[in-house]
*Asks:* 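Dropping a structure here in structure tokens format, bear with me for questions.
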Protein chains: 2
Amino acid sequence: MALAEAILVCLTERPMSGYDLAKYFDASIGFFWRSSHQQIYRELGKLREKGYVSSQEVEQDGKPNRITHTVTPEGRAALYEWSKRPSRHPSIKDEMFVKFYALDSIDMEAFEDQLTNRMEYHKTRLSQYLRIKERFYDGKTLNLNQQGKLIALEMGIDGERQNIRQIEDAIIKTGGLERS
Amino acid sequence: MALAEAILVCLTERPMSGYDLAKYFDASIGFFWRSSHQQIYRELGKLREKGYVSSQEVEQDGKPNRITHTVTPEGRAALYEWSKRPSRHPSIKDEMFVKFYALDSIDMEAFEDQLTNRMEYHKTRLSQYLRIKERFYDGKTLNLNQQGKLIALEMGIDGERQNIRQIEDAIIKTGGLERS
DNA sequence: AAACACTATGCAACAAATTGCATAATTTCA
DNA sequence: TGAAATTATGCAATTTGTTGCATAGTGTTT
């Protein structure tokens, strides 16, 4: 259950509201641990119950009030304990590969469209990563935290480049099969 | 919900029992869609209810009876319809990356052990894939179905090689940070 | 002879994730 | 001026995934 920890990691950086967290997930840590706002709000409730975060309501004029959440010392301790426990291997679930396992039972034309779509997705990802790298990391002096994030980001960049190459390849191979 | 479809894909190849499926998942399609035997048995029940598979009890001497499952024409049709619907992008959940996001809040020594462990995991995967390729695909004449699987397998091989390189790299970079 | 691994199936409880909905105000675009 | 997007929060229902357990016979190892 690393959603709780992913949230704690974000809040270690600065206190945030559920809404902030949801956006931060969409643009940053969520590249490696996807989560919806509903899940985040629910998890925040659990973290508050456990005493790992404390919540403060902030009055706002006009907009609805926001509730910001701060990591408590107990939360920090829990995060440190979690960091010592072995990381689970990532769970892999990819429909696309399942379809590769059944080329003789599927609609190949439709599948090739899906491959193209998947390549677009990886290209979008890659350019997001590159933009983030350029904006926040290139030519800057980085502290330990930032260096860690940069390592993750560079792995992401590398990974996406490979994904793009792989799918290009797969499209060519798959196209060849149809005509045989 | 591609577990149902992953099961149908397997059963398209040949009728299998839940136990067979669980083993097949562990050694083959599960590389891209992991699932436990409990989940498989539950899903088989649902597929039977929907009429996508039919089940036959087979008497065995000594061993407990096995129940083999066969895809029905409705099941095949459902699989074909599913293949036309867009594939979801893979859901990414990787604790390791979350830890990279918090290098200043974690136990770095423990984390480096985890990285080493992760590299072993990818090396094991790679050698599994290579063994499968050698045994079932190299130097063989392949039909469409097998060619699809080979494409998936080769993507897996490529991916694991990259993973190994990436983590090697990350270990070096992370080690460097500690001493600064 | 006892312990363990393998074949074979599945329930029950729980945790996590997804989907759909709901509210309510403000800003921005057409 | 009306519609749509954004900010902000969250409940409820359902599905999916995990963990622990239970049963029961056979074969293999110590």
Side-chain angles (χ1 to χ4, degrees), chain A residues 1-7 15-27 29-30 32-50 53 55-69 82 85-95 98, chain B residues 1-7 15-27 29-30 32-50 53 55-69 82 85-95 98:
Chain A
M1 206 239 339
L3 174 57
E5 285 84 7
I7 290 174
M16 289 190 224
S17 68
Y19 187 78
D20 291 337
L21 278 165
K23 278 201 302 179
Y24 190 79
F25 265 74
D26 278 348
I29 201 169
F32 310 113
W33 196 279
R34 178 132 298 289
S35 201
S36 66
H37 72 100
Q38 290 93 334
Q39 239 190 304
I40 289 167
Y41 280 111
R42 194 173 25 180
E43 200 65 40
L44 278 170
K46 286 187 203 167
L47 287 169
R48 195 167 41 230
E49 264 178 54
K50 282 189 191 166
V53 304
S55 311
Q56 301 83 36
E57 194 159 356
V58 180
E59 298 274 327
Q60 287 193 132
D61 44 323
K63 293 175 199 168
N65 291 350
R66 28 188 358 258
I67 299 163
T68 57
H69 309 273
W82 165 76
R85 289 198 294 275
S87 299
R88 291 210 183 158
H89 300 139
S91 84
I92 304 155
K93 305 232 154 173
D94 196 332
E95 285 192 62
V98 177
Chain B
M1 204 238 339
L3 173 56
E5 284 83 9
I7 290 174
M16 286 190 225
S17 69
Y19 187 79
D20 291 336
L21 278 164
K23 279 201 302 179
Y24 191 77
F25 265 74
D26 278 349
I29 202 169
F32 311 113
W33 196 281
R34 178 132 298 290
S35 202
S36 65
H37 73 100
Q38 290 93 335
Q39 240 190 304
I40 289 167
Y41 280 111
R42 192 173 35 180
E43 201 63 42
L44 278 171
K46 287 186 201 168
L47 287 170
R48 196 167 40 229
E49 265 177 53
K50 283 190 191 165
V53 304
S55 310
Q56 300 82 36
E57 195 159 356
V58 178
E59 298 277 327
Q60 288 194 132
D61 45 320
K63 294 176 198 169
N65 291 350
R66 30 191 352 260
I67 299 163
T68 56
H69 309 273
W82 165 76
R85 290 198 293 275
S87 299
R88 291 209 183 158
H89 300 139
S91 85
I92 304 154
K93 305 232 153 172
D94 196 333
E95 285 190 62
V98 177

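By convention in this document, chain letters (A, B, ...) are assigned in the order of the sequence lines, proteins followed by strands, and residues within each chain are numbered from 1.
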*Asks:* Distance check needed: D:dG17 P versus B:F25 CZ, whole Å only.
*Replies:*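 Distance, rounded to whole Å: 10 Å.
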
*Asks:* Let me know the distance between CG of A:D20 and P of D:dA8, rounded to the nearest Å.
*Replies:*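 Rounded to the whole Å, the gap is 7 Å.
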
*Asks:* Could you tell me which residues satisfy side chain to side chain contact (heavy atoms under 4.5 Å, CB included) with A:D20, sequence neighbours excluded, listed by chain and number?
*Replies:*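 Partners of A:D20 by the side chain to side chain contact (heavy atoms under 4.5 Å, CB included) criterion, ordered by chain and then number, come out as A:M16, A:S17, A:R66.
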
*Asks:* Does A:A22 have any side chain to side chain contact (heavy atoms under 4.5 Å, CB included) partners at least two apart in sequence or in another chain, and if so, which?
*Replies:*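 A:A22: side chain to side chain contact (heavy atoms under 4.5 Å, CB included) contacts with A:H37, A:I40.
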
*Asks:* For the pair made of OH in A:Y19 and P in C:dT26, what is the distance, rounded to whole Å?
*Replies:*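 Rounded to the whole Å, the gap is 16 Å.
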
*Asks:* Once you round it to whole Å, what is the distance between P of D:dT9 and CD of A:Q56?
*Replies:*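 Result: 12 Å.
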
*Asks:* Under the rule for side chain to side chain contact (heavy atoms under 4.5 Å, CB included), what residues qualify as partners of B:L3, not counting sequence neighbours?
*Replies:*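 By the side chain to side chain contact (heavy atoms under 4.5 Å, CB included) rule, B:L3 matches B:I7, B:F25, B:W33, B:S35, B:Q39, B:E43.
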
*Asks:* Quantified as the angle between the terminal helix axes (five pairs each), what is the overall bend of the helix from C:dA1-D:dT30 to C:dA30-D:dT1 to 10 degrees?
*Replies:*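 The two end axes of the helix from C:dA1-D:dT30 to C:dA30-D:dT1 meet at 30°.
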
*Asks:* Starting at CD of B:E57 and ending at C1' of C:dA8, how long is that distance when rounded to a whole Å?
*Replies:*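 After rounding, the reported distance stands at 11 Å.
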
*Asks:* Side chain to side chain contact (heavy atoms under 4.5 Å, CB included), that's the test. Do B:L44 and B:L21 meet it? Break it down for me.
*Replies:* CA-CA 10 Å; B:L44 278 171; B:L21 278 164; 3.9 Å; yes

*Asks:* Distance check needed: C:dA5 C1' versus B:K23 NZ, whole Å only.
*Replies:*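 Whole-Å distance recorded here is 13 Å.
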
*Asks:* With A:E5, which residues qualify under side-chain hydrogen bond (donor to acceptor under 3.5 Å, both in side chains), at least two apart?
*Replies:*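 Listed in chain order: nothing, the list is empty.
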
*Asks:* Is a salt bridge present between A:R88 and B:D94, judged by a nitrogen-to-oxygen distance below 4.0 Å?
*Replies:*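 Answer for the salt bridge query: no.
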
*Asks:* Could you tell me how far apart B:L21 (CG) and C:dT9 (C1') are, to the nearest whole angstrom?
*Replies:*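 Interatomic distance, CG of B:L21 to C1' of C:dT9: 13 Å.
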
*Asks:* Over how many whole Å does the gap from A:I92 atom CD1 to D:dG17 atom C1' extend?
*Replies:*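 Checked: the CD1 to C1' distance equals 16 Å.
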
*Asks:* Test of understanding: with side-chain hydrogen bond (donor to acceptor under 3.5 Å, both in side chains), list the residues that count as partners of B:S91, not counting sequence neighbours.
*Replies:*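 If we apply the side-chain hydrogen bond (donor to acceptor under 3.5 Å, both in side chains) test to B:S91, skipping adjacent residues, there are no hits.
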
*Asks:* Which letters describe nucleotides 15-21 of chain C, given B = protein heavy atom under 4.0 Å from base, S = only from sugar-phosphate, - = neither?
*Replies:* -SBBBBB

*Asks:* Once side-chain hydrogen bond (donor to acceptor under 3.5 Å, both in side chains) is applied, do any residues pair with B:E57, and if so which ones, sequence neighbours excluded?
*Replies:*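 By the side-chain hydrogen bond (donor to acceptor under 3.5 Å, both in side chains) rule, B:E57 matches B:N65.
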
*Asks:* Please list, chain by chain and in numerical order, all residues satisfying side chain to side chain contact (heavy atoms under 4.5 Å, CB included) with B:Q38, sequence neighbours excluded.
*Replies:*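 In terms of side chain to side chain contact (heavy atoms under 4.5 Å, CB included), with neighbours along the sequence ignored, B:Q38 is linked to B:S36.
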
